[in-house]
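All chains are named by letter (A, B, ...) in the order of the sequence lines, taking the proteins before the strands, and each is independently numbered beginning at 1. Given the structure is predicted, the values throughout are model-derived calculations rather than measurements.
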Amino acid sequence: MSTPTADNFIEEFIVTDLENGKHDGRIHTRFPPEPNGYLHIGHAKAIVINFEIGKKFGGKTNLRMDDTNPTTEETHFVTNIENDIRWLGYEWEGETLYASNYFGELYQLALRLIDKGLAFVDDSTAEEIAAQKGDIDEPGTNSPFRDRTPAENRDLFERMKAGEFPDGSKVLRAKIDMAHPNLLLRDPVLYRIKHEAHHRTGDEWCIYPLYDFAHGQSDSIEGITHSLCSLEFRHHRDLYNWLIEALGIFPSRQIEFARMNVDYLITSKRRLKKLVEEGIVAGWDDPRMGTLAGMRRKGYPPAALRDFCLRTGVTKRDNQQEFGLLEHSVREVLNETADRYMAVLDPVKLVITNYPAGQSEILTAENNPQDESRGEREIPFSRELWVERSDYRKEPQNRKYFRMAPDKDVRLKAAYILHIEGHEEDADGNVTQINATYYPDSRSGNDTSGIKAKGTLHWVDAATAIDLEVRQYDKLFTDPTPMDHEDKDFMDFINPDSLKIITAKGEPALAQAKVGDTFQFLRMGYYTVDPDATEDKMVFNLTCGLKSSWKG
RNA sequence: AGACCCAUGGUGUAAUUGGCAACACAACAGAUUUUGGUUCUGUCGUUCAAGGUUCGAGUCCUUGUGGGUCUACCA
């Protein structure tokens, strides 16, 4: 089998490694979230990169919870993360792994470092350590505890583990170089004391490794060949490699790529949390949120998200993806998969004056013009219908206008051609009813009328229509990059009209829809059944509108 | 300001590693269409700057400029 061709700079590294026979041609990646929050679109990118590379090069991909901070981590986040990844369409190698699985091994590695004289126990306070760090253009100063002997350090560290010291009283630090240009290498803290229960190890430990003494070591323990992370970890790589060298452990290779930013979506956990806590959104799974749970609830198909992440590429450049590309991916999938139904979002009554009262008939309509195998469905039709208010104009219009107006001919989808006569209105000039006549010989499928109607409109039979609660979601912010304003807070850009709840009229077959089903409401957009739907009340969320080339 | 990273159309990503700057999205125009959807066709427009190396530079070198990251007992 020949090596696949590289599609980006990370894959180029991998291809080179493969060609050189590194790690016997083994490729192993991992997705390492901290279980302290919900996954969002940025995580989706990292998931796609890691899993797709694993797949493409015949490798494996682990799921590892980076759970080294007991203060912030909870088990229910783990379950959530697992669900989101599976929903996105990926299955990891074996069991879910945890950095906390390795606390014992990590402790032994720390001892090894101490014995080699490369780590020391420091009694300095956090403030003192910060002061010792120096500055970007000023070298740091050595800790007064830096020269303790390995024996003394080992004793102290063992007693830290035994719980002899209170939180904050001591830390374990690597002994590197307090004048190093990379601040991370100025004797970084490796272990801290936290008398706190961990979501998995309980009270077994009172010392916990920091990221830099857990992540890379976990990579090594798992035999991860390529440890892919975002650009902000670039400076950590020097420490990552220093520790591999010092410890003599499996040399995983860290490669950094640029995070993906998407217009109108924020990925900052703190800010997402604020939106939830201040009631700006209904929860972490609100369809307006950039969380995977939110996008799922909004009706975005996982295939669309994967496609989006793939087509935005992998580079080291700061990037800002247009929201339109995300929606393009969503529409591309839904156009093929979503059945078409009719629903009238802003209904106004239309009466066919020459259609006999009390008469009705059953018409058939294709479910999906892109896919004949989706079959047809039946739609009731009678004298009184609901049509879209915005499809009617009170004054006669020119030929560039295809919809309803006095004296216009329009086609009702899957039904007849109508001749619009006029309307009735209330004292305020609001249209209360549209009157029309129909051409009995213009029925869809056997139209012998010879009449050409340019416009085809959606409609619902009034007698059999069901009410639908429709949640019309719009962008949460009025600015594509609400965080990028130095003089303003992102909260200043909250869109006050990001959700409008309306009652629409839908064709009766819609009553059978199940949570998560996504449809195209003909001419209006894609809509998905919300979990709030009940037997008595259907609830639909707007997934994404349709493109429109009409400038009306 | 020290160190590190980055710079190609409106957006994002390519360019056989020094050889005609391409693709997607967006926008615009037209054709098709029982969704003003889909599909099809066309148009639009780019190598941050200045030097240098070279027959030839988006690619290599130098110097600028612009943007990003780093000074948590978070990850």
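Salt bridge A:Glu332/A:Arg311: present, at least one basic N to carboxylate O contact under 4.0 Å. Salt-bridge check for A:Asp123 with A:Lys170: passed, with a basic side-chain N closer than 4.0 Å to an acidic carboxylate O. Using a 4.0 Å cut-off between charged nitrogen and carboxylate oxygen, A:Arg377 and A:Glu507 count as a salt-bridge pair. The pair A:Arg523-A:Asp391 counts as a salt bridge, with a side-chain nitrogen and a carboxylate oxygen less than 4.0 angstrom apart.
A donor N or O paired with an acceptor N or O is not found under 3.5 Å between the base of B:U35 and the side-chain atoms of A:His458. Under 3.5 Å, the side chain of A:Glu138 and the base of B:U71 form no donor-acceptor pair of N or O atoms. Contact annotation: side chain of A:Arg340 to base of B:U35, donor-acceptor pair present below 3.5 Å. The base of B:G10 is not paired with the side chain of A:Gln320 by any donor and acceptor separated by under 3.5 Å. Under 3.5 Å, the side chain of A:Glu322 and the base of B:G10 form at least one donor-acceptor pair of N or O atoms. Residue A:Arg411 places a side-chain atom within donor-acceptor reach of the base of B:U34, judged by atom type and a 3.5 Å distance cut-off alone.
For the OP1/OP2 pair of B:C5 and a distance below 4.0 Å, the side-chain nitrogens and oxygens of A:Arg237 include no atom meeting the criterion. Close to B:G12, at under 4.0 Å from its OP1 or OP2, lies no side-chain N or O of A:Thr315. Distances shorter than 4.0 Å separate none of the side-chain N or O atoms of A:Arg399 from OP1 or OP2 on B:G36. Between A:Lys452 and the phosphate of B:U34, there is no side-chain N or O to OP1/OP2 separation shorter than 4.0 Å.
A gap of 24 Å separates the P atoms of B:U34 and B:G42, to the nearest Å. Here the separation of B:A14 from B:U47, taken at their C1' atoms, is 13 Å to the nearest Å. With P as the reference atom, B:A22 and B:G45 are 13 Å apart, rounded to whole Å. Atom name C1', nucleotides B:C61 and B:A24: the rounded distance is 34 Å, in whole Å. With both ends at atom P, the span from B:A27 to B:U11 equals 15 Å, rounded to whole Å. Comparing the same atom, P, in B:A21 and in B:A15 gives a spacing of 16 Å after rounding to whole Å.
If you check every strand for non-hydrogen atoms under 4.0 Å, A:Arg331 touches nothing. Residue A:Lys194 is in sugar-phosphate contact alone, with no base atom involved, counting any heavy-atom pair closer than 4.0 Å across all strands shown. At a threshold of 4.0 angstrom between heavy atoms, the contacts of A:Glu34 are confined to the sugar-phosphate backbone, with no base atom among them. The residue A:Lys400 sits close to a base: some heavy atom pair falls under 4.0 Å. Contact annotation for A:Ser124: base contact, defined as any heavy-atom pair under 4.0 Å involving a base atom. In this structure, A:Pro33 reaches neither bases nor backbone, as no heavy-atom distance under 4.0 Å exists between it and the strands shown. No contact: A:Tyr191 has no heavy atom under 4.0 Å from any strand. Within the 4.0 angstrom heavy-atom criterion, base atoms lie near A:Leu522. Within 4.0 Å of A:Thr68, counting heavy atoms only, lie sugar-phosphate atoms of the nucleic acid but no base atom. Within the nucleic acid shown, A:Gly37 has no heavy atom closer than 4.0 Å to any nucleic acid atom. Within 4.0 Å of A:Val171, counting heavy atoms only, lies at least one base atom of the nucleic acid. Across all strands, A:Arg311 comes closer than 4.0 Å only to sugar-phosphate atoms, never to a base (heavy-atom distances). A:Lys413 comes within 4.0 angstrom of a base, heavy atoms only. Residue A:Leu210 is classed as a sugar-phosphate contact, given heavy-atom separations below 4.0 Å to backbone atoms only.
Taking the 5.5 Å centre cut-off and the 30° plane limit, the aromatic side chain of A:Tyr211 is not classed as stacked on B:A75.
Listed candidates were B:C73, B:A3, B:U38. Nearest to the side chain of A:Ile129 is B:C73. The A:Asp137 side chain lies nearest to B:G2 when the options are B:U34, B:G2, B:C73. Closest approach to the A:Asn69 side chain among B:A26, B:A75, B:G36 is made by B:A75 (side chain taken as heavy atoms from C-beta onward). When distances run from any side-chain atom of A:Lys547 to the nucleotides B:G36, B:A75, B:A27, the shortest one goes to B:A27. Considering only side-chain atoms of A:Thr312, the nucleotide from B:C74, B:G12, B:U35 that sits closest is B:G12. Among the nucleotides B:G37, B:C25, B:G2, the one closest to any side-chain atom of A:Leu325 is B:C25. The listed nucleotides are B:G36, B:G2, B:U34; the one nearest the side chain of A:Leu183 is B:G2.
The closest side-chain donor-acceptor pair between A:Glu222 and A:Asn62 falls under 3.5 angstrom. A:Asp441 and A:Ser449 share no donor-acceptor pair across their side chains, judged by distance under 3.5 Å alone. For the residue pair A:Gln520/A:Arg331, the side-chain donor-acceptor check at 3.5 Å is not satisfied.
Comparing A:Ala6 and A:Ser548 by the nucleotide of RNA chain B whose heavy atom lies nearest to each, the residue mapping closer to the 5' end is A:Ala6. Heavy-atom nearest nucleotides on RNA chain B were determined for A:Ser549 and for A:Lys316, and the one closer to the 5' end corresponds to A:Lys316.
Residues A:Asp346 and A:Glu388 have side chains in contact (heavy-atom distance under 4.5 Å, counting atoms from C-beta outward). Put simply, the side chain of A:Ile379 does not reach to within 4.5 Å of the side chain of A:Phe381, judged on heavy atoms.
Annotated as anti: B:U46, whose O4'-C1'-N torsion sits more than 90° from 0.
Here B:A72 presents its P atom at 16 Å from CG of A:Leu190, a figure rounded to the nearest Å. A straight line from CG of A:Asp307 to C1' of B:G12 spans 13 Å, rounded to a whole angstrom.
With both pairing distances under 3.5 Å, B:G66 is matched to B:C6 as a Watson-Crick or G-U wobble pair.
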